[in-house]
Amino acid sequence: KYLKKLGLWEKRFVVSRTLSGGQKRRLMIARALIHHPKILILDEPTAGVDIEIRRSMWAFLKEINEAGTTIVLTTHYLEEAENLCRNIAIIDQGKVVHHSSMRALLRGLQSETYVLELDQEISVLPKSKLALRLNASNSSIEADIPKGESLNEVFAWLTKNNLAVTSMRSKANRLEQLFLSLVAEEDKA
């Protein structure tokens, strides 16, 4: 059952030492689940696996968690922690610097930076009271949006300046921003 879910069914007759690193990691998870544990402790379960396998492992871990298995996850992939965890402890140099629900931690984010790809290159950013920066490519801008505010003002400003957006994304992982600020605060103390 677990071999199929973890994409290892076709490798069921292969000697485990011949598996790739990512396949070995998935096999270790399958082995750990044989006895249906109530708690599963995973240390960097997706290190060294490609994006497609990582996403399928996330879906599988969510599934077993929803079925009642508590998962304790250690990871340096903050996107992974943000997507998978309901509760989080941030550890810096062996010391817990923050412990809360993921939702409570993310509420502490003071601003978020968005990258807006433009439909044209511009050499100078028109004046604005908004926190905007022109990227080196001259075809995208970064907008810092304070907590509780929307991008509506930015889009109104873009329209006023005849600039159209072709795509938009968050510049950095939100959890990464919080992690860096928490660690910086701890270093000051």
Side-chain angles (χ1 to χ4, degrees), residues 1-115 145 147-148 167-187 189:
K1 168 183 164 179
Y2 297 123
L3 291 179
K4 283 184 181 179
K5 294 246 182 204
L6 289 166
L8 292 171
W9 184 250
E10 65 280 355
K11 301 288 185 181
R12 67 188 178 277
F13 299 117
V14 174
V15 177
S16 64
R17 71 174 170 266
T18 64
L19 296 173
S20 71
Q23 291 168 336
K24 287 177 183 175
R25 286 190 177 281
R26 289 180 281 153
L27 179 60
M28 287 188 288
I29 292 171
R31 287 178 55 199
L33 291 168
I34 288 172
H35 300 291
H36 307 287
K38 292 182 185 206
I39 298 176
L40 180 63
I41 300 172
L42 299 174
D43 183 19
E44 302 284 347
T46 61
V49 300
D50 65 38
I51 294 169
E52 187 177 313
I53 296 297
R54 179 176 292 152
R55 298 282 177 181
S56 70
M57 286 178 69
W58 288 0
F60 176 70
L61 294 173
K62 285 179 180 179
E63 184 181 314
I64 63 171
N65 179 250
E66 288 168 2
T69 302
T70 298
I71 300 173
V72 177
L73 172 72
T74 63
T75 184
H76 287 89
Y77 296 120
L78 298 180
E79 177 189 11
E80 184 168 72
E82 185 173 345
N83 281 303
L84 293 175
C85 300
R86 282 191 293 268
N87 297 299
I88 187 165
I90 294 178
I91 301 170
D92 182 37
Q93 298 180 13
K95 182 179 177 190
V96 175
V97 296
H98 184 85
H99 180 260
S100 71
S101 71
M102 183 64 72
R103 183 174 287 154
L105 178 62
L106 291 174
R107 277 195 301 264
L109 191 62
Q110 297 305 309
S111 69
E112 192 160 358
T113 301
Y114 293 91
V115 177
I145 308 301
K147 179 181 178 178
S167 69
M168 178 180 86
R169 65 180 166 79
S170 180
K171 181 177 181 184
N173 180 289
R174 299 177 307 163
L175 189 55
E176 184 176 318
Q177 289 176 320
L178 287 166
F179 173 83
L180 292 172
S181 67
L182 288 167
V183 169
E185 285 175 22
E186 187 63 25
D187 289 345

S.K.: Between Thr69 and Lys38, is a side chain to side chain contact (heavy atoms under 4.5 Å, CB included) present by the stated rule, with each step listed?
M.R.: CA-CA 5 Å; Thr69 302; Lys38 292 182 185 206; over 6 Å; no
S.K.: Roughly how far apart are His76 NE2 and Thr46 OG1, rounded to 0.5 Å?
M.R.: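 Rounded to the nearest 0.5 Å, the NE2-OG1 separation comes to 12.0 Å.
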S.K.: So His98 and Ser100, do their side chains get closer than 4.5 Å, heavy atoms only?
M.R.: yes
S.K.: Where is the tightest heavy-atom contact between Glu112 and Ser170, given as atom of each residue plus distance?
M.R.: OE2-OG, 2.9 Å
S.K.: Under the side chain to side chain contact (heavy atoms under 4.5 Å, CB included) criterion, do Glu63 and Lys5 qualify, and how do the steps go?
M.R.: CA-CA 10 Å; Glu63 184 181 314; Lys5 294 246 182 204; 2.8 Å; yes
S.K.: I'd like to know if the side chain of Arg26 reaches the main chain of Leu6, judged simply by a donor and an acceptor atom lying under 3.5 Å from each other, with no hydrogens or angles considered.
M.R.: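 Confirmed, Arg26 side chain pairs with Leu6 backbone.
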S.K.: After noting the C-alpha distance and the side-chain angles of Leu61 and Leu84, does the key distance pass the side chain to side chain contact (heavy atoms under 4.5 Å, CB included) rule?
M.R.: CA-CA 8 Å; Leu61 294 173; Leu84 293 175; 4.3 Å; yes
S.K.: Treating Arg25 as the side-chain partner and Ala47 as the backbone partner, does any N or O pair qualify as donor plus acceptor under 3.5 Å?
M.R.: yes
S.K.: Are any of the side-chain heavy atoms of Ile29 and Met57 separated by less than 4.5 Å?
M.R.: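 They are in side-chain contact.
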S.K.: Distance check, rounded to the nearest 0.5 Å: His99 atom NE2 versus Leu105 atom CG?
M.R.: 11.0 Å
S.K.: Are Cys85 and Leu73 close enough that some pair of their side-chain heavy atoms sits under 4.5 Å apart?
M.R.: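 Cys85 vs Leu73: side chains touch.
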S.K.: Show the nearest heavy-atom pair for residues Leu8 and Leu27, with the distance to one decimal.
M.R.: CD1-N, 3.4 Å
S.K.: Under a 4.5 Å cut-off applied to non-hydrogen side-chain atoms, are Arg54 and Glu80 in contact?
M.R.: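 Counting from C-beta outward, Arg54 and Glu80 do come under 4.5 Å.
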S.K.: Does a side-chain heavy-atom distance below 4.5 Å link Ile39 with Val72?
M.R.: yes
S.K.: Please determine if Glu79 and Arg55 form a salt bridge, counting it only when a charged side-chain N lies under 4.0 Å from a carboxylate O.
M.R.: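 A salt bridge is present here (some side-chain N lies under 4.0 Å from a carboxylate O).
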S.K.: What closest approach, in Å, do Thr70 and Asn65 show between heavy atoms, and which atom pair accounts for it?
M.R.: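 Closest pair (atom of Thr70, atom of Asn65, distance): CA-ND2, 4.2 Å.
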S.K.: Say you draw a straight line from CZ of Phe60 to CG of Leu33; how long is it, rounded to the nearest 0.5 Å?
M.R.: 5.0 Å
S.K.: Is it the case that over 12 heavy atoms from other parts of the model lie below 6.0 angstrom from the CD atom of Glu52?
M.R.: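 No - once you tally the heavy atoms of other residues, nucleotides and ligands closer than 6.0 Å, there are 12 at most.
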S.K.: Looking at Ile90 and Leu182, what are the two nearest heavy atoms and their distance?
M.R.: CD1-CD1, 3.5 Å
S.K.: Tell me whether the guanidinium CZ or amine NZ of Arg31 lies under 6.0 angstrom from the six-membered ring centre of Tyr2 and within 45° of its axis.
M.R.: no
S.K.: Under 3.5 Å, is there a donor-acceptor pair between the Thr74 and Glu44 side chains?
M.R.: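 No donor-acceptor contact under 3.5 Å links the two side chains.
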S.K.: With no hydrogens and no angle check, do the side chains of Ser101 and Asn87 hold a donor and an acceptor under 3.5 Å apart?
M.R.: no
S.K.: Between Gln23 (side chain) and Ser20 (backbone), is there a donor-acceptor pair under 3.5 Å?
M.R.: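 Such a contact is found between Gln23 side chain and Ser20 backbone.
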S.K.: Write down the atom of Lys24, the atom of Leu19, and the distance for their closest heavy-atom approach.
M.R.: CE-O, 3.2 Å
S.K.: How many angstroms lie between CD in Glu82 and CG in Leu178, if you round to the nearest 0.5 Å?
M.R.: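 Rounded to the nearest 0.5 Å, the CD-CG separation comes out at 8.5 Å.
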S.K.: Does Trp9 offer a backbone N or O that forms a donor-acceptor pair with the side chain of Arg12 under 3.5 Å?
M.R.: yes
